[in-house]
Protein chains: 2
Amino acid sequence: MNLETALQKLKEKGYKRTRQRERILEIFVKQDQYIAAKSILKEIQEDFPGVSYDTIYRNLYLLTDEEILEATELGGEKHFRLGCDTQGHHHHFICTDCGKTKSIEFCPMESINENLKGYDIENHKFEIYGKCPVCS
Amino acid sequence: MNLETALQKLKEKGYKRTRQRERILEIFVKQDQYIAAKSILKEIQEDFPGVSYDTIYRNLYLLTDEEILEATELGGEKHFRLGCDTQGHHHHFICTDCGKTKSIEFCPMESINENLKGYDIENHKFEIYGKCPVCS
DNA sequence: ATTTTATTCGTAATCATTATTATTTCGAGA
DNA sequence: TCTCGAAATAATAATGATTACGAATAAAAT
């Protein structure tokens, strides 16, 4: 996803276009990996010395709700990344060193043959962790 | 796993048998579900008004290291459950209401056919979330 | 330009988790 | 049973991530 597409999405929903939001999105567009909130804060502070965590988290959650970002929990911290171009549902390999990811098209829910009668399935998580070719 | 088996495992490794440890294990033996650290603390405080979080966490991590407990992250909090009787590697359905779980024998890593050449796989997570038959 | 309203700033509070130090308890051996 | 050293605990305090809130600001609608 590029910057303009994301901003367009927000505009359609009636959200304002602020410098901070643009800057946050720019960071994600530039980096194809999961990023922690505090890293975002640090980078934004170069342009906006006064940004608060409130702004960061509010926007990260907003962008996640609008499906512009995807979130996951890594090492006790929430991490975010730009939604993938890959169409449709998929999963990720996540490098535990650099945070870069590789899409996994395979979804275990398609292959699972377990008896889950009576269980109301709402969601699932499948992630593979390790070192990417660069880090290993 | 029952209480005696767990205590035996600890003894073999040279860990002391303390009332607090016993009590923590009892709680897990009684409840077949993921439990948050703070719930454990609350329950233990009925018997030991002075227990500290330090004791709780130290023991939860110790028990996890000794493979008596299993850990996962739910809603930003670490949760623990007694290791399953189910032998070997497996996954879980987790009820988002009551926290009870059902073992899933199927492991996606056996079926995955994605090209991950060059990637050093260390770990993976597969969990299904939803409502169990009782809660749905 | 003015008004409306979302958004941000600045800061403080909260919550889970980890760390510290003095004290207590376990349990092995005398 | 008693003593002793190691291990474990209690009682905080500290940290780090996240959330909350009132006042100030900035975007966009009129």
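Reminder, nothing fancy here: chain letters follow the sequence lines and each chain counts from 1.
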Only distances under 3.5 Å count here; give the side-chain donor-acceptor pairs of residues 4-14 of chain A to other protein atoms, sequence neighbours excluded, each with its distance to 0.1 Å.
| residue | atom | partner | partner atom | Å |
| --- | --- | --- | --- | --- |
| A:T5 | OG1 | A:N2 | OD1 | 2.5 |
| A:K13 | NZ | A:E66 | OE1 | 2.6 |

Determine whether more than 12 heavy atoms belonging to other residues, nucleotides or ligands lie under 6.0 Å from atom NZ of A:K125.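 Enclosed.
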Should we say atom CG of A:N123 is surrounded by more than 12 heavy atoms from elsewhere, each under 6.0 Å from it?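 Yes, enclosed.
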Any residue of residues 70-82 of chain A with a heavy atom less than 4.0 Å from an atom of DNA chain C: none
Contact list please: residues 5-32 of chain B against DNA chain C, heavy atoms, distance less than 4.0 Å, in numerical order. B:K16, B:R17, B:R19
What is the distance, to the nearest angstrom, from the [atom1] atom on [X] to the [atom2] atom on [N]?
{"X": "A:I35", "N": "D:dA17", "atom1": "CD1", "atom2": "C1'", "answer": "17 Å"}
{"X": "B:Y57", "N": "C:dT20", "atom1": "OH", "atom2": "C1'", "answer": "18 Å"}
{"X": "B:F48", "N": "D:dA11", "atom1": "CZ", "atom2": "C1'", "answer": "17 Å"}
{"X": "A:I56", "N": "D:dG16", "atom1": "CD1", "atom2": "C1'", "answer": "16 Å"}

B:E114/A:K102 salt bridge by N-O under 4.0 Å criterion: no
Salt bridge or not between B:E22 and B:R19? Use side-chain N to carboxylate O under 4.0 Å. no
Under-4.0 Å side-chain N/O to phosphate OP1/OP2 contact, B:K38 with C:dC15: no
Check whether any side-chain N or O of A:S52 sits under 4.0 Å from OP1 or OP2 of C:dT8, and answer yes or no.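 Checking C:dT8 against A:S52, no side-chain N or O comes under 4.0 Å of OP1 or OP2.
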With sequence neighbours left out, what residues match A:H124 under ring-ring contact (aromatic ring centres under 6.0 Å, His included)?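 ring-ring contact (aromatic ring centres under 6.0 Å, His included) check on A:H124 returns A:H89, A:H91.
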Report yes or no: does A:T55 contribute a side-chain atom to a donor-acceptor pair with the main-chain N or O of A:V51 at less than 3.5 Å? no
Quick one: does B:R23's side chain have a donor or acceptor within less than 3.5 Å of a partner on B:D47's backbone?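 Here the side-chain-to-backbone pair does not exist.
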Who else is in the cluster with A:V134 when I, L, V, M, F, W and Y are joined by side-chain contacts under 4.5 Å? none
Give, ordered by number, those residues of residues 59-69 of chain B having at least one heavy-atom distance below 4.0 Å to an atom of DNA chain D; if nothing qualifies, reply none. B:N59
Please tell me whether B:H92 and B:Y34 form a close aromatic pair, meaning their ring centres lie under 6.0 Å apart.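 So the answer is yes for these two rings.
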By nearest nucleotide on DNA chain C, pick out whichever of A:Y53 and B:D54 is the more 5' one.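 The 5'-side residue here is A:Y53.
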Side-chain donor-acceptor contact under 3.5 Å, B:E127 with B:T72: yes
